[in-house]
Amino acid sequence: MAKKNDKGRFDNGPCPVCGRAVVSLNHITKLADGKEVCPDCVSKIRVMYPLEYVKKKGKKKLERQDPIEKLTLDEFRAAMERTPEYLEDLRAKYGHNAVYKVESIKMFPRGWFRPPFICTTGRVIFGYFDMNDEVEVVRKGASFKAKIYDIVRENVEEKGMDAWVRRGEGGYPLRWMVFSQKDLLIGPGDLIVKG
Amino acid sequence: MGRTVPNKCALCGSDAPGRRWRVKGSKYICKECHDRLNVEIGYVKWSNMNFTEIKNYLSDKDRLSTQKTCSFCGQKLSGNDLFRKLLKDKSVLCGKCAESMRIVRPVFLTVKSDGGYGYETAADDPMKELTLEDVPWVQKEAAEERERRVAKYGNHKAVFVVDDVTKYKKEEDTHEIYGRVMLGRIDKGDTLRVKRREGEYRKVVDKINPPEYLKKSPYLPEGHEGNLMVSGDVSFIYPGDVLVVERV
(Lines give C-alpha, C1' and ligand atoms only; values in the text may rest on other atoms or scores of the structure.)
Protein backbone atom coordinates (compact mmCIF):
# COMPACT_ATOMS: atom_id res chain seq x y z
CA MET A 1 0.00 0.00 0.00
CA ALA A 2 1.45 3.31 -1.05
CA LYS A 3 1.82 5.96 1.64
CA LYS A 4 0.46 9.49 1.46
CA ASN A 5 2.90 12.38 1.68
CA ASP A 6 2.42 15.30 4.09
CA LYS A 7 0.01 16.99 1.62
CA GLY A 8 -2.21 13.89 1.53
CA ARG A 9 -1.09 13.00 -2.00
CA PHE A 10 0.36 9.75 -3.31
CA ASP A 11 3.61 11.09 -4.75
CA ASN A 12 7.29 11.34 -3.86
CA GLY A 13 7.80 14.90 -5.12
CA PRO A 14 8.68 16.12 -8.61
CA CYS A 15 10.72 14.17 -11.15
CA PRO A 16 14.21 15.77 -11.46
CA VAL A 17 14.06 15.47 -15.26
CA CYS A 18 10.59 16.78 -16.26
CA GLY A 19 9.14 18.19 -13.01
CA ARG A 20 6.04 15.97 -13.03
CA ALA A 21 4.89 14.06 -9.95
CA VAL A 22 6.60 10.74 -9.24
CA VAL A 23 3.43 8.88 -8.26
CA SER A 24 4.11 6.30 -5.57
CA LEU A 25 1.31 4.02 -6.80
CA ASN A 26 3.33 3.32 -9.96
CA HIS A 27 6.60 1.44 -10.18
CA ILE A 28 9.33 3.97 -9.37
CA THR A 29 12.69 3.72 -11.09
CA LYS A 30 15.49 4.67 -8.71
CA LEU A 31 18.73 5.75 -10.37
CA ALA A 32 22.22 4.84 -9.15
CA ASP A 33 22.54 8.17 -7.30
CA GLY A 34 19.22 7.66 -5.46
CA LYS A 35 17.11 10.04 -7.58
CA GLU A 36 13.61 8.85 -8.53
CA VAL A 37 12.39 9.34 -12.10
CA CYS A 38 8.82 9.21 -13.41
CA PRO A 39 7.64 6.40 -15.77
CA ASP A 40 7.08 8.88 -18.64
CA CYS A 41 10.77 9.85 -18.66
CA VAL A 42 11.81 6.20 -18.31
CA SER A 43 9.67 5.12 -21.27
CA LYS A 44 11.38 7.76 -23.46
CA ILE A 45 14.81 6.10 -23.12
CA ARG A 46 13.62 2.51 -22.60
CA VAL A 47 14.30 1.72 -26.27
CA MET A 48 18.04 2.23 -25.60
CA TYR A 49 18.04 0.33 -22.32
CA PRO A 50 15.67 -2.64 -22.77
CA LEU A 51 14.16 -4.19 -19.68
CA GLU A 52 14.79 -7.87 -19.01
CA TYR A 53 13.18 -10.50 -16.84
CA VAL A 54 15.51 -13.35 -15.95
CA LYS A 55 14.51 -16.67 -14.45
CA LYS A 56 16.95 -17.79 -11.77
CA LYS A 57 17.46 -21.35 -10.56
CA GLY A 58 15.29 -22.36 -7.64
CA LYS A 59 13.05 -19.29 -7.93
CA LYS A 60 9.54 -19.27 -9.32
CA LYS A 61 9.27 -15.55 -9.94
CA LEU A 62 11.08 -13.80 -12.78
CA GLU A 63 13.72 -11.32 -11.64
CA ARG A 64 13.60 -7.81 -13.06
CA GLN A 65 16.88 -6.48 -14.48
CA ASP A 66 16.72 -2.81 -15.37
CA PRO A 67 19.87 -1.22 -16.90
CA ILE A 68 18.39 2.27 -16.29
CA GLU A 69 18.81 1.76 -12.54
CA LYS A 70 22.60 1.72 -13.08
CA LEU A 71 22.61 5.21 -14.63
CA THR A 72 23.17 8.46 -12.74
CA LEU A 73 20.95 11.51 -13.33
CA ASP A 74 23.50 13.15 -15.66
CA GLU A 75 23.83 9.94 -17.67
CA PHE A 76 20.02 9.69 -17.81
CA ARG A 77 19.76 13.25 -19.20
CA ALA A 78 22.50 12.52 -21.75
CA ALA A 79 20.64 9.34 -22.80
CA MET A 80 17.45 11.38 -23.36
CA GLU A 81 19.32 13.60 -25.80
CA ARG A 82 20.81 10.61 -27.64
CA THR A 83 17.51 8.67 -27.94
CA PRO A 84 16.01 10.43 -31.04
CA GLU A 85 19.17 9.69 -33.07
CA TYR A 86 19.20 6.07 -31.85
CA LEU A 87 15.52 5.69 -32.79
CA GLU A 88 16.18 7.06 -36.30
CA ASP A 89 19.02 4.51 -36.70
CA LEU A 90 16.61 1.69 -35.75
CA ARG A 91 13.97 2.99 -38.19
CA ALA A 92 16.56 3.12 -40.96
CA LYS A 93 17.83 -0.38 -40.11
CA TYR A 94 14.41 -2.10 -40.13
CA GLY A 95 12.50 0.25 -42.47
CA HIS A 96 9.30 0.19 -40.38
CA ASN A 97 7.62 2.26 -37.65
CA ALA A 98 7.43 -0.53 -35.04
CA VAL A 99 9.22 -3.89 -34.77
CA TYR A 100 8.61 -6.88 -32.47
CA LYS A 101 10.96 -9.87 -32.42
CA VAL A 102 9.46 -13.31 -31.72
CA GLU A 103 11.51 -15.46 -29.33
CA SER A 104 9.21 -18.46 -28.85
CA ILE A 105 5.67 -19.55 -29.72
CA LYS A 106 2.94 -21.73 -28.22
CA MET A 107 -0.21 -22.96 -29.99
CA PHE A 108 -3.53 -23.46 -28.20
CA PRO A 109 -6.24 -25.21 -30.28
CA ARG A 110 -9.76 -23.79 -29.87
CA GLY A 111 -11.88 -26.59 -31.33
CA TRP A 112 -13.66 -27.28 -34.62
CA PHE A 113 -13.76 -24.51 -37.25
CA ARG A 114 -12.08 -22.01 -34.97
CA PRO A 115 -8.50 -20.89 -35.65
CA PRO A 116 -6.02 -21.68 -32.86
CA PHE A 117 -4.47 -19.11 -30.54
CA ILE A 118 -0.88 -18.51 -31.61
CA CYS A 119 0.83 -17.04 -28.55
CA THR A 120 4.23 -15.50 -29.22
CA THR A 121 6.71 -14.41 -26.57
CA GLY A 122 9.30 -11.79 -27.44
CA ARG A 123 10.43 -8.19 -27.23
CA VAL A 124 9.27 -4.94 -28.79
CA ILE A 125 12.46 -3.48 -30.28
CA PHE A 126 10.93 -0.05 -30.91
CA GLY A 127 7.54 1.55 -31.56
CA TYR A 128 4.30 0.29 -30.02
CA PHE A 129 1.66 -2.34 -30.71
CA ASP A 130 -1.98 -2.33 -29.61
CA MET A 131 -4.78 -4.87 -29.72
CA ASN A 132 -6.45 -5.21 -33.16
CA ASP A 133 -3.50 -3.60 -34.96
CA GLU A 134 -2.96 -4.68 -38.57
CA VAL A 135 0.65 -5.93 -38.78
CA GLU A 136 2.94 -7.87 -41.07
CA VAL A 137 4.86 -11.03 -40.18
CA VAL A 138 8.28 -11.00 -41.86
CA ARG A 139 9.53 -14.57 -42.27
CA LYS A 140 12.59 -15.45 -44.36
CA GLY A 141 12.16 -12.50 -46.70
CA ALA A 142 8.42 -13.09 -47.27
CA SER A 143 5.70 -11.19 -45.41
CA PHE A 144 2.11 -12.12 -44.41
CA LYS A 145 -0.65 -9.88 -43.11
CA ALA A 146 -1.98 -10.54 -39.61
CA LYS A 147 -4.11 -8.93 -36.90
CA ILE A 148 -3.13 -8.82 -33.23
CA TYR A 149 -5.78 -10.56 -31.12
CA ASP A 150 -4.42 -9.69 -27.68
CA ILE A 151 -1.32 -8.45 -25.85
CA VAL A 152 -0.24 -9.43 -22.34
CA ARG A 153 2.71 -7.53 -20.90
CA GLU A 154 5.48 -9.07 -18.87
CA ASN A 155 6.04 -5.85 -16.96
CA VAL A 156 2.66 -5.58 -15.25
CA GLU A 157 4.18 -3.76 -12.28
CA GLU A 158 6.11 -1.29 -14.42
CA LYS A 159 3.35 1.27 -14.89
CA GLY A 160 1.35 0.40 -11.78
CA MET A 161 -2.06 1.94 -12.33
CA ASP A 162 -1.78 1.42 -16.10
CA ALA A 163 -0.99 -2.30 -15.76
CA TRP A 164 -4.24 -3.32 -17.41
CA VAL A 165 -3.30 -1.58 -20.67
CA ARG A 166 -2.91 -4.23 -23.35
CA ARG A 167 -0.09 -2.80 -25.40
CA GLY A 168 3.56 -3.42 -26.17
CA GLU A 169 6.07 -0.57 -26.05
CA GLY A 170 9.63 -0.26 -27.33
CA GLY A 171 12.23 -1.89 -25.05
CA TYR A 172 9.74 -3.92 -23.01
CA PRO A 173 9.35 -7.70 -23.19
CA LEU A 174 5.91 -9.19 -23.84
CA ARG A 175 4.55 -12.29 -22.18
CA TRP A 176 2.16 -12.91 -25.04
CA MET A 177 1.34 -11.33 -28.37
CA VAL A 178 -1.63 -13.43 -29.46
CA PHE A 179 -2.85 -14.07 -33.00
CA SER A 180 -5.88 -16.10 -33.99
CA GLN A 181 -5.82 -16.72 -37.70
CA LYS A 182 -5.90 -19.71 -40.04
CA ASP A 183 -2.73 -20.67 -41.95
CA LEU A 184 -0.53 -18.13 -40.16
CA LEU A 185 3.12 -19.15 -40.08
CA ILE A 186 5.14 -17.66 -37.22
CA GLY A 187 8.33 -19.00 -35.70
CA PRO A 188 11.12 -17.92 -33.37
CA GLY A 189 13.30 -15.23 -34.95
CA ASP A 190 10.49 -13.79 -37.11
CA LEU A 191 9.76 -10.08 -37.05
CA ILE A 192 6.33 -8.54 -36.61
CA VAL A 193 6.29 -5.06 -38.09
CA LYS A 194 3.90 -2.13 -38.34
CA GLY A 195 3.88 0.89 -40.65
CA MET B 1 -29.86 11.20 25.05
CA GLY B 2 -30.52 12.33 21.53
CA ARG B 3 -28.23 14.50 19.43
CA THR B 4 -29.10 18.20 19.50
CA VAL B 5 -29.06 19.90 16.12
CA PRO B 6 -28.41 23.65 16.34
CA ASN B 7 -31.05 25.80 14.69
CA LYS B 8 -28.50 28.31 13.35
CA CYS B 9 -26.85 27.56 9.97
CA ALA B 10 -23.04 27.46 10.35
CA LEU B 11 -22.48 28.91 6.86
CA CYS B 12 -24.97 31.77 6.49
CA GLY B 13 -26.10 32.18 10.10
CA SER B 14 -29.81 31.98 9.25
CA ASP B 15 -32.13 30.48 11.88
CA ALA B 16 -35.10 29.83 9.56
CA PRO B 17 -36.92 26.60 10.46
CA GLY B 18 -36.35 23.51 8.34
CA ARG B 19 -34.11 20.50 7.98
CA ARG B 20 -30.38 20.83 8.79
CA TRP B 21 -27.59 18.92 6.98
CA ARG B 22 -24.45 17.80 8.75
CA VAL B 23 -21.04 18.76 7.34
CA LYS B 24 -17.72 17.13 8.31
CA GLY B 25 -16.48 18.92 11.43
CA SER B 26 -19.79 18.62 13.34
CA LYS B 27 -21.39 21.69 11.75
CA TYR B 28 -24.95 21.99 10.42
CA ILE B 29 -26.13 23.93 7.39
CA CYS B 30 -29.59 25.06 6.23
CA LYS B 31 -31.46 23.90 3.11
CA GLU B 32 -30.54 26.99 1.09
CA CYS B 33 -26.80 26.53 1.76
CA HIS B 34 -27.12 22.80 1.07
CA ASP B 35 -28.70 23.52 -2.35
CA ARG B 36 -26.05 26.15 -3.11
CA LEU B 37 -23.23 23.67 -2.32
CA ASN B 38 -24.86 21.05 -4.52
CA VAL B 39 -24.91 23.49 -7.44
CA GLU B 40 -21.53 25.18 -6.91
CA ILE B 41 -19.33 22.31 -5.70
CA GLY B 42 -21.33 19.12 -6.30
CA TYR B 43 -22.56 16.69 -3.63
CA VAL B 44 -19.77 14.10 -3.96
CA LYS B 45 -17.09 16.75 -3.63
CA TRP B 46 -18.52 18.80 -0.74
CA SER B 47 -19.56 15.77 1.28
CA ASN B 48 -15.85 14.82 1.42
CA MET B 49 -14.74 18.33 2.46
CA ASN B 50 -14.67 19.57 6.04
CA PHE B 51 -16.36 22.77 7.14
CA THR B 52 -13.23 24.98 6.94
CA GLU B 53 -12.44 23.73 3.42
CA ILE B 54 -16.00 24.50 2.28
CA LYS B 55 -15.87 27.96 3.82
CA ASN B 56 -12.50 28.74 2.18
CA TYR B 57 -13.73 27.39 -1.17
CA LEU B 58 -16.85 29.57 -1.12
CA SER B 59 -15.00 32.69 0.03
CA ASP B 60 -12.40 32.20 -2.76
CA LYS B 61 -15.19 31.77 -5.30
CA ASP B 62 -16.96 34.90 -4.05
CA ARG B 63 -13.68 36.84 -4.20
CA LEU B 64 -13.12 35.73 -7.82
CA SER B 65 -16.64 36.70 -8.88
CA THR B 66 -16.79 40.06 -7.08
CA GLN B 67 -13.40 41.39 -8.26
CA LYS B 68 -13.95 43.61 -11.32
CA THR B 69 -10.38 44.37 -12.45
CA CYS B 70 -7.07 42.49 -12.56
CA SER B 71 -4.98 43.36 -9.50
CA PHE B 72 -1.78 43.44 -11.57
CA CYS B 73 -2.56 45.03 -14.97
CA GLY B 74 -5.84 46.78 -14.10
CA GLN B 75 -7.72 45.33 -17.10
CA LYS B 76 -11.45 44.63 -16.71
CA LEU B 77 -12.10 41.01 -15.74
CA SER B 78 -14.38 39.07 -18.05
CA GLY B 79 -17.00 36.81 -16.43
CA ASN B 80 -16.16 33.85 -18.65
CA ASP B 81 -12.38 34.08 -18.21
CA LEU B 82 -11.47 30.46 -17.37
CA PHE B 83 -7.88 31.23 -16.45
CA ARG B 84 -8.23 34.02 -13.88
CA LYS B 85 -6.40 33.16 -10.72
CA LEU B 86 -6.70 33.94 -7.02
CA LEU B 87 -3.30 34.39 -5.40
CA LYS B 88 -2.22 33.69 -1.83
CA ASP B 89 -2.84 37.30 -0.72
CA LYS B 90 -6.41 37.14 -2.21
CA SER B 91 -5.55 39.39 -5.15
CA VAL B 92 -7.02 38.32 -8.51
CA LEU B 93 -5.09 38.04 -11.78
CA CYS B 94 -6.72 38.07 -15.21
CA GLY B 95 -6.21 35.02 -17.43
CA LYS B 96 -3.61 36.77 -19.57
CA CYS B 97 -1.38 37.75 -16.63
CA ALA B 98 -1.80 34.35 -14.94
CA GLU B 99 -1.17 32.19 -18.01
CA SER B 100 1.91 34.22 -19.00
CA MET B 101 3.62 32.66 -15.94
CA ARG B 102 2.38 29.10 -16.53
CA ILE B 103 5.49 28.13 -18.49
CA VAL B 104 7.56 28.27 -15.26
CA ARG B 105 4.74 27.31 -12.85
CA PRO B 106 3.04 24.29 -14.50
CA VAL B 107 0.18 22.55 -12.72
CA PHE B 108 1.45 19.61 -10.64
CA LEU B 109 -0.74 16.63 -11.50
CA THR B 110 -0.68 13.98 -8.78
CA VAL B 111 -2.96 11.38 -7.20
CA LYS B 112 -5.15 11.62 -4.11
CA SER B 113 -7.65 9.37 -2.40
CA ASP B 114 -11.23 9.78 -3.62
CA GLY B 115 -12.56 9.42 -0.08
CA GLY B 116 -13.33 5.72 -0.49
CA TYR B 117 -11.02 2.95 -1.65
CA GLY B 118 -10.16 4.50 -5.02
CA TYR B 119 -7.90 7.26 -6.31
CA GLU B 120 -8.40 10.37 -8.39
CA THR B 121 -6.16 12.91 -10.08
CA ALA B 122 -5.35 16.01 -8.05
CA ALA B 123 -4.18 19.20 -9.73
CA ASP B 124 -1.99 21.29 -7.39
CA ASP B 125 -1.47 24.78 -8.78
CA PRO B 126 1.86 26.32 -7.64
CA MET B 127 0.52 29.75 -8.65
CA LYS B 128 -1.70 29.74 -5.56
CA GLU B 129 1.48 30.10 -3.48
CA LEU B 130 2.42 33.40 -5.17
CA THR B 131 1.56 36.90 -3.94
CA LEU B 132 1.07 40.04 -6.02
CA GLU B 133 4.66 41.10 -5.21
CA ASP B 134 6.02 37.90 -6.79
CA VAL B 135 4.24 38.43 -10.13
CA PRO B 136 6.80 40.79 -11.82
CA TRP B 137 9.82 38.57 -11.18
CA VAL B 138 7.97 35.36 -12.07
CA GLN B 139 6.82 36.98 -15.34
CA LYS B 140 10.44 38.00 -16.04
CA GLU B 141 11.55 34.41 -15.33
CA ALA B 142 8.81 33.15 -17.69
CA ALA B 143 9.91 35.52 -20.49
CA GLU B 144 13.50 34.27 -20.16
CA GLU B 145 12.32 30.65 -20.23
CA ARG B 146 10.19 31.38 -23.33
CA GLU B 147 13.23 32.89 -25.12
CA ARG B 148 15.28 29.81 -24.19
CA ARG B 149 12.60 27.52 -25.64
CA VAL B 150 12.27 29.59 -28.83
CA ALA B 151 16.05 29.26 -29.29
CA LYS B 152 15.78 25.48 -28.73
CA TYR B 153 12.66 24.62 -30.78
CA GLY B 154 12.37 27.58 -33.18
CA ASN B 155 9.67 30.22 -33.56
CA HIS B 156 6.39 28.35 -34.21
CA LYS B 157 2.72 28.79 -33.35
CA ALA B 158 3.01 25.91 -30.87
CA VAL B 159 5.45 23.22 -29.77
CA PHE B 160 4.21 20.00 -28.14
CA VAL B 161 6.40 17.31 -26.57
CA VAL B 162 4.94 13.78 -26.69
CA ASP B 163 4.88 11.57 -23.58
CA ASP B 164 2.68 8.73 -24.75
CA VAL B 165 0.59 7.64 -27.71
CA THR B 166 -2.40 5.40 -27.02
CA LYS B 167 -5.28 3.98 -28.97
CA TYR B 168 -8.48 5.79 -28.00
CA LYS B 169 -10.97 3.04 -28.75
CA LYS B 170 -9.90 -0.43 -29.65
CA GLU B 171 -11.97 -0.74 -32.80
CA GLU B 172 -11.86 2.85 -33.97
CA ASP B 173 -8.86 4.26 -35.76
CA THR B 174 -8.35 7.15 -33.32
CA HIS B 175 -5.25 7.81 -31.21
CA GLU B 176 -4.61 10.04 -28.23
CA ILE B 177 -1.26 11.82 -28.12
CA TYR B 178 -0.51 12.80 -24.52
CA GLY B 179 2.07 15.44 -23.73
CA ARG B 180 2.81 19.01 -22.72
CA VAL B 181 2.58 22.26 -24.67
CA MET B 182 6.05 23.80 -24.41
CA LEU B 183 5.27 26.96 -26.42
CA GLY B 184 2.14 28.67 -27.76
CA ARG B 185 -1.28 27.02 -27.77
CA ILE B 186 -2.87 24.17 -29.72
CA ASP B 187 -6.36 24.51 -31.21
CA LYS B 188 -8.66 22.03 -32.88
CA GLY B 189 -7.80 21.75 -36.59
CA ASP B 190 -4.10 22.61 -36.17
CA THR B 191 -1.65 20.56 -38.25
CA LEU B 192 1.04 18.82 -36.25
CA ARG B 193 4.36 18.29 -37.99
CA VAL B 194 7.04 15.81 -36.96
CA LYS B 195 10.43 15.53 -38.62
CA ARG B 196 11.93 12.13 -39.32
CA ARG B 197 15.15 11.34 -41.13
CA GLU B 198 13.33 10.29 -44.32
CA GLY B 199 11.02 13.32 -44.36
CA GLU B 200 8.14 15.04 -42.59
CA TYR B 201 4.82 13.65 -41.42
CA ARG B 202 1.71 15.74 -40.79
CA LYS B 203 -1.44 15.07 -38.76
CA VAL B 204 -4.49 17.23 -38.12
CA VAL B 205 -5.79 17.57 -34.56
CA ASP B 206 -9.40 16.33 -34.60
CA LYS B 207 -10.19 17.15 -30.99
CA ILE B 208 -8.53 18.61 -27.91
CA ASN B 209 -8.92 16.65 -24.72
CA PRO B 210 -7.70 18.94 -21.91
CA PRO B 211 -7.22 17.75 -18.31
CA GLU B 212 -10.12 17.72 -15.84
CA TYR B 213 -9.29 21.12 -14.27
CA LEU B 214 -9.40 22.76 -17.76
CA LYS B 215 -12.45 20.87 -18.97
CA LYS B 216 -14.20 23.87 -20.52
CA SER B 217 -11.15 25.17 -22.39
CA PRO B 218 -11.54 24.94 -26.20
CA TYR B 219 -7.76 24.88 -26.69
CA LEU B 220 -4.66 23.52 -24.93
CA PRO B 221 -2.70 26.47 -23.52
CA GLU B 222 1.02 26.89 -22.94
CA GLY B 223 2.53 24.93 -20.06
CA HIS B 224 -0.43 22.55 -19.67
CA GLU B 225 -0.62 18.81 -20.27
CA GLY B 226 -3.37 17.18 -22.29
CA ASN B 227 -4.44 14.82 -25.04
CA LEU B 228 -4.62 15.57 -28.73
CA MET B 229 -6.95 13.25 -30.64
CA VAL B 230 -5.91 12.33 -34.16
CA SER B 231 -7.32 9.79 -36.58
CA GLY B 232 -5.41 7.37 -38.80
CA ASP B 233 -2.01 5.79 -38.39
CA VAL B 234 0.34 7.57 -35.98
CA SER B 235 2.93 4.82 -35.59
CA PHE B 236 5.64 7.30 -36.73
CA ILE B 237 5.17 9.36 -33.52
CA TYR B 238 7.13 8.16 -30.48
CA PRO B 239 7.37 9.29 -26.84
CA GLY B 240 9.86 12.17 -26.64
CA ASP B 241 9.08 13.52 -30.14
CA VAL B 242 8.67 17.25 -30.66
CA LEU B 243 5.50 18.12 -32.64
CA VAL B 244 5.38 21.55 -34.19
CA VAL B 245 2.39 23.66 -35.31
CA GLU B 246 3.37 26.20 -37.95
CA ARG B 247 2.04 29.76 -38.08
CA VAL B 248 -0.50 30.27 -40.86
Side-chain angles (χ1 to χ4, degrees), chain A residues 2 4-5 7-14 18-26 38-47 80-81 83-85 87-92 95-98 126-135 148 150 159-162 165-167 169-171 193-195, chain B residues 48 50 53 103-115 117-124 126 129 145 152 161-180 182 194-199 201 223-225 232-242:
Chain A
K4 285 181 190 174
N5 61 16
K7 286 181 181 172
R9 310 291 201 230
F10 293 94
D11 70 64
N12 295 0
C18 66
R20 288 190 183 89
V22 181
V23 177
S24 49
L25 300 169
N26 297 339
C38 71
D40 277 339
C41 289
V42 169
S43 69
K44 281 176 191 165
I45 66 159
R46 177 61 75 199
V47 70
M80 275 189 102
E81 282 175 18
T83 309
E85 203 56 30
L87 198 64
E88 290 295 345
D89 289 343
L90 284 175
R91 281 169 57 85
H96 294 281
N97 290 337
F126 69 99
Y128 37 80
F129 293 90
D130 286 281
M131 275 171 78
N132 300 320
D133 272 356
E134 302 276 353
V135 293
I148 298 173
D150 200 356
K159 279 202 166 178
M161 291 165 80
D162 295 338
V165 178
R166 291 177 160 182
R167 71 192 312 245
E169 291 163 11
V193 298
K194 195 171 88 169
Chain B
N48 282 316
N50 63 34
E53 282 172 340
I103 196 166
V104 284
R105 294 286 187 279
V107 175
F108 193 70
L109 290 174
T110 175
V111 178
K112 65 175 182 182
S113 169
D114 67 353
Y117 295 107
Y119 306 102
E120 63 181 13
T121 308
D124 290 347
E129 302 299 316
E145 177 63 29
K152 189 180 174 187
V161 173
V162 181
D163 284 322
D164 205 0
V165 185
T166 49
K167 226 177 191 181
Y168 180 54
K169 279 177 186 171
K170 279 162 191 128
E171 291 301 330
E172 282 184 32
D173 201 14
T174 308
H175 286 81
E176 279 185 319
I177 305 175
Y178 183 78
R180 180 177 279 177
M182 305 304 275
V194 60
K195 265 188 185 176
R196 298 255 80 97
R197 202 178 274 170
E198 69 271 11
Y201 292 93
H224 290 276
E225 293 173 43
D233 180 33
V234 287
S235 57
F236 48 83
I237 298 175
Y238 304 93
D241 274 354
V242 177

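Keep in mind the model is a prediction, meaning the values are calculated, not measured. Just so you know, these numbers use all the heavy atoms, side chains as well, and skip hydrogens, waters and symmetry mates. Just so we're on the same page: letters track the sequence lines, and every chain starts at 1.
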* Asked: At a heavy-atom separation under 4.5 Å, does B/D163 approach chain A through its side chain, its backbone, both, or neither?
  -> both

* Asked: Pick from B/E225, B/K112, B/E198, B/R196: which one has the most heavy-atom pairs with chain A under 4.5 Å?
  -> B/R196

* To do: Counting only heavy atoms closer than 4.5 Å, note whether B/V107 contacts chain A via side chain, backbone, both or neither.
  => neither

* **Flag side-chain contact, heavy atom, 4.5 Å: B/I237 against B/H175** => no

* Part of A/E85 within contact of chain B (heavy atom distance under 4.5 Å) -> both

* Heavy-atom distance under 4.5 Å between the side chains of B/R180 and A/R20, does that happen here? -> yes

* To do: Heavy-atom distances under 4.5 Å only: say whether A/C18 touches chain B with side chain, backbone, both or neither.
  => backbone

* To do: Say whether, by atom type as modelled, one donor and one acceptor occur between the side chain of B/E145 and the main chain of B/V104 under 3.5 angstrom.
  => no

* Can you say whether A/N12 sits under 4.5 Å from chain B via the side chain, the backbone, both, or neither, judging by heavy atoms? -> neither

* Asked: Which one, A/R91, A/K194, A/K44, A/M80, leads in non-hydrogen pairs under 4.5 Å with chain B?
  -> A/R91

* Structure fact -> In terms of heavy-atom contacts, A/V47 and A/L90 come closest through CG2-CD1, 3.9 Å

* Side chain, backbone, both or neither: which part of B/F108 has a non-hydrogen atom closer than 4.5 Å to chain A? -> side chain

* B/E120 CD: over 12 foreign heavy atoms closer than 6.0 Å -> yes

* Would you confirm whether B/Y238, through its side chain, and A/N97, through its main-chain N or O, come within 3.5 Å as a donor-acceptor pair? => yes

* **Contact class of A/L87 relative to chain B, heavy atoms under 4.5 angstrom** => side chain

* Judged by modelled atom types alone, do B/D233 and B/S235 share a side-chain donor-acceptor pair under 3.5 Å? -> yes

